[in-house]
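Here's the structure, in structure tokens; my notes come after.
In what follows, residues are counted from 1 in the order of the sequence shown.
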Amino acid sequence: MKTPNTVPKRIKAVASKHPEISALLSKDENDDYQSITYKELYKKVQILGTGLNKLGVKRNEHVAIMSDNCKEWIITDLALLGIGAVDVPRGSDSTAEEMQYIIGHADCELVFTENSTQAEKVLSRKKDLPKMKKIIVFLPGGKIDKKLAEGIEILSFEELEKISSEAYEKDNKIFETELEKGTDEDLATLIYTSGTTGTPKGVMLQHKSYIFQLDNIYDYIDVDPGHVFLSVLPIWHSFERAVEYIMLDRAATIAYSKPIGAIMLPDMAKVKPHWMASVPRIWEGVRAGIIRNVNKEGGAKKVLFNFFVTVGGAWSHLYNMFKGTLPTFHRRYRALDITLSIIPMVLLTPFKLLGDVLVFSKIKVKLGGRFIAGISGGGALPPYVDSFFQAAGISLLEGYGLTETGPVLAVRKQHHPVGTTVGPLFPDVEFRVIGKDGSLKGPGEKGTLHVKSIQNMKGYYKRQEATDEVVKDGWLNTGDICIMTHNKEVRIIGRSKETIVLMGGENIEPVPIEDKINASEAILQNMVVGQDKKFLAALIVPNMKQLEEIAVQMGISYVQPEDLLSDPEIQEYIHNEIQAQVNTKSGFRLFECIFRFKLMEKPFEVGKELTQTLKLRRSVIDKLYAKEIESLFK
């Protein structure tokens with residue numbers, strides 16, 4: 001039997017093999033999870049695809065989806081791909097300007113929106129969208145201003161389903177006919193980059209990009225039919241979307257939630273997930289929440305917790321030495337590692353097991369009780385977060401990729417996880433590490449990662465010059481600075497465009513410094529600055545609750561919490577926190593230390609200072625806070 005070569009063909013095969021397994025779990029109006037089986041999912045896809053064909057959606061046509069996660073999203077996505085159309089996704093937290101640019105640039109006539117609010121956001125820019133003819137609204141509720149909608153056909157998803165059912169009753173072979181026409185060379189999606197710098201670019205990904213990942217990923221992680229995956233990231237983002245395809249291809253169950261502790265943790269208790277994919281900031285938040293609760297209880301519980309975290313961390317390091325899962329940036333000798341690790345590991349094991357029972361078992365219960373692993377992507381996982389979960393016996397598998405590669409290029413192997421790395425790149429992905437002088441770099445040497453693979457993008461839509469800047473002779477310049485181990489695992493240490501060059505010529509990667517600063521419980525966010533300056537400085541977003549607690553302990557009087565930002569004692573406290581994290585003893589060079597900082601009044605926000613995956617939009621922050629940054633160097 002020929003291997004299915006498009007995403008919907010793969011899902012069809014799964015539905016045939018596992019018809020009664022739950023494919024999707026989504027909440028109803030009472031916040032209770034309702035199930036859709038694989039048989040039901042594929043039938044909905046068939047019917048909707050038939051209806052879209054009836055509405056005139058053509059093969060290779062671009063269709064926008066402006067929505068966050070919901071069952072309607074994935075059904076629409078698979079239906080569009082099944083009839084050979086190309087979806088153009090974006091989250092509902094995008095601005096009207098962003099939506100207008102993407103819909104217009106991608107030449108979309110049909111637009112799906114999550115709700116009436118998003119529909120009106122799109123309609124507010126209809127004068128700049130002459131090709132747009134129709135909007136279909138996923139979720140019921142809310143009315144769209146008739147005057148605003150004038151000239152554009154508006155349909156509810158319910159109305160589309162009715163049209164689709166009638167069309168399917170008349171001819172139930174339309175979808176299957178179109179499905180069979182599909183090949184792996186067909187364009188599947190246009191995903192616009194989140195725009196950390198400059199105008200978003202439409203990344204053209206073919207079906208073969210996703211199929212390549214599906215054919216390789218299961219050598220790295222074991223996903224079984226019926227496993228439950230908690231979905232918290234926006235599905236329009238390349239990372240979440242690929243992971244959802246991976247789960248569906250394996251007949252796992254996707255349960256939709258939100259990346260907010262008050263929603264995510266109760267949902268974990270409800271669905272008891274085996275897997276969850278998220279960005280590093282979410283894992284940071286889970287860790288911070290655990291530590292915050294422990295600090296509130298204080299006393300013996302806090303002492304025991306800190307003791308067992310220390311023991312767990314030491315035991316994990318020794319176990320990695322024994323098992324051979326320490327990164328080999330320099331040659332290691334297995335016999336020596338085993339000899340040095342086995343006795344202290346045995347001695348610590350009783351304490352490790354006691355910590356599992358008294359402390360870490362409670363954390364695992366909060367994750368649902370059957371959690372296998374979390375997959376972290378969309379940015380580098382801070383080492384202190386990585387080591388914390390290792391100490392707790394909770395597996396975090398760091399993955400790596402970029403929108404231009406669909407995105408997954410690598411993931412830490414479930415049964416051979418090499419810490420502080422993203423694991424080895426997929427088989428058949430050619431790679432090379434190039435230094436600033438253009439020379440090839442070997443293990444332990446820093447350089448920019450270049451990859452060649454069939455999963456690489458076809459290019460940027462209508463942006464050939466931009467494509468040519470990053471793709472040469474089939475090699476994609478990822479822009480990511482990395483170090484390779486002797487066993488071909490990869491550690492990502494920064495972005496070439498983010499490198500700060502001081503006045504003295506020193507090249508500095510800001511991300512490891514920022515990650516280390518964020519390890520302080522008193523600091524929520526920060527951005528290191530200093531391009532063309534004599535030294536480094538930082539914009540610091542403090543944890544205001546922590547500062548208020550510190551103020552009480554120090555006897556500092558204040559009227560409004562914001563008053564604390566200019567208090568000399570608080571300033572000194574934050575200074576000491578930064579210096580405690582980033583110093584020469586913790587592995588940083590003197591010129592990588594922070595000499596001045598500015599406390600910010602408000603946290604960085606998604607859509608403004610942050611991308612939807614919580615990365616810093618450095619160029620935006622540079623402009624927004626130009627005066628504050630300049631004051632740090634006077």
Side-chain angles (χ1 to χ4, degrees), residues 68-69 89-94 191-196 221 229-244 246-247 254 256-261 263-265 267-268 273 275-290 367 371 373-386 388-389 394-412 420-423 478 480 491-495 498 510-512 514-515 517-519 524-527 541 603-618:
D68 292 330
N69 304 25
R90 192 67 168 191
S92 62
D93 58 355
S94 299
I191 301 180
Y192 280 76
T193 56
S194 52
T196 53
I221 58 173
F229 168 75
L230 194 72
S231 170
V232 297
L233 291 180
I235 193 172
W236 71 265
H237 187 262
S238 184
F239 172 50
E240 173 71 15
R241 181 170 178 173
V243 172
E244 291 204 15
I246 288 164
M247 294 297 158
I254 298 172
Y256 291 114
S257 183
K258 300 277 185 184
I260 304 163
I263 297 173
M264 185 175 74
L265 291 175
D267 286 349
M268 282 185 150
W275 302 89
M276 183 175 86
S278 194
V279 292
R281 192 74 181 116
I282 302 302
W283 300 113
E284 276 186 277
V286 172
R287 171 190 171 276
I290 293 167
L367 297 180
F371 199 67
I375 303 170
S376 180
L381 184 66
Y384 71 92
V385 177
D386 201 354
F388 173 82
F389 283 101
I394 295 168
S395 180
L396 275 193
L397 307 176
E398 187 177 4
Y400 168 70
L402 51 162
T403 305
E404 288 83 350
T405 60
V408 186
L409 284 165
V411 68
R412 198 179 296 175
T420 74
T421 78
V422 298
T478 68
D480 287 312
R491 177 188 289 175
I492 304 298
I493 58 175
R495 293 280 297 166
E498 294 176 347
V511 174
E514 290 160 351
D515 286 345
I517 291 172
N518 281 339
L524 292 177
Q525 301 162 320
N526 78 94
M527 188 177 96
V541 176
F604 297 147
E605 298 176 8
V606 171
K608 189 179 178 184
E609 296 96 343
L610 303 175
T611 69
Q612 277 79 7
T613 52
L614 308 180
K615 292 178 184 175
L616 295 170
R617 299 176 74 182
R618 295 181 189 275

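Taking OG of Ser94 as the start and CH2 of Trp236 as the end, the distance is 6.0 Å to the nearest 0.5 Å. In this structure, the separation between CG on Asn526 and CG on Asn518 is 4.5 Å, given to the nearest 0.5 Å. The OG1 atom of Thr193 sits 10.5 Å away from atom CG of Leu402, with the distance rounded to the nearest 0.5 Å.
Of the possible donor and acceptor atoms, none in the side chain of Asp515 sits under 3.5 Å from a partner among the backbone N and O of Leu381. For the pair Arg617 (side chain) and Gly607 (backbone), a donor-acceptor distance under 3.5 Å is present.
Considering only residues two or more places apart in sequence or on other chains, Val541 meets the side-chain contact (heavy atoms from CB on, under 4.5 Å) condition with Leu524, Gln525, Met600, Pro603, Phe604. Take Glu244 and apply the side chain to side chain donor-acceptor pair (under 3.5 Å) test, not counting sequence neighbours, and it matches Ser231, Tyr256. Legend: residues meeting salt bridge (Lys or Arg N to Asp or Glu O under 4.0 Å) with Glu609, ordered by chain and number and at least two apart, are absent. In this structure Ser257 satisfies the side chain to side chain donor-acceptor pair (under 3.5 Å) test together with Asp267, sequence neighbours excluded. Pro510 is linked by a side-chain contact (heavy atoms from CB on, under 4.5 Å) to Glu498, Ile500, Glu514, Val528, Arg618, counting only residues two or more places apart in sequence or in another chain. Listed by chain and number, the residues in a side chain to side chain donor-acceptor pair (under 3.5 Å) with Asp480 are Tyr400, Arg495 (sequence neighbours excluded). For Pro259, the side-chain contact (heavy atoms from CB on, under 4.5 Å) partners at least two apart in sequence or on another chain are Val232, Ile282. Remark: Leu367 pairs with Met268, Phe371, Ile394 by the side-chain contact (heavy atoms from CB on, under 4.5 Å) rule, at least two apart or across chains. Partners of Ser92 by side chain to side chain donor-acceptor pair (under 3.5 Å), not counting sequence neighbours, listed by chain and number: Asp68, Glu114.
Leu397 is listed as a side-chain neighbour of Trp275, based on a closest heavy-atom distance under 4.5 Å. A 4.5 Å side-chain heavy-atom check between Met264 and Val286 finds at least one atom pair inside the cut-off. Contact annotation: the side chain of Val511 never approaches that of Ile493 to less than 4.5 Å [non-hydrogen atoms, C-beta and beyond]. Side-chain contact between Val411 and Val422: absent, with no pair of heavy atoms (C-beta onward) separated by less than 4.5 Å. Taking the side chain as every heavy atom from C-beta outward, Ile221 and Ile375 approach each other to under 4.5 Å. The shortest distance between side-chain heavy atoms of Ile246 and Phe229 does not fall below 4.5 Å.
Listed by first and then second residue, the side chain to side chain donor-acceptor pair (under 3.5 Å) pairs that reach into residues 278-287 are Glu284-Tyr384, Arg287-Glu521, sequence neighbours excluded. Counting only residues at least two apart or on different chains, the salt bridge (charged side-chain N to carboxylate O under 4.0 Å, His left out) pairs with a member in residues 395-404 are Glu398-Arg412.
Annotation for Phe239 and Gly378: closest pair CD2-N, 4.4 Å, computed over non-hydrogen atoms. The heavy-atom pair separating Pro407 from Thr403 by the smallest distance is CB-N, 4.1 Å. Counting all heavy atoms, side chain and backbone alike, Met276 lies closest to Leu230 at CG-O, 3.4 Å. Taking every heavy atom of both residues into account, Ile235 and Glu240 meet most closely at CA-CG, 3.7 Å. Listed here is the closest heavy atom pair of Pro280 and Gly379: CG-O, 3.3 Å.
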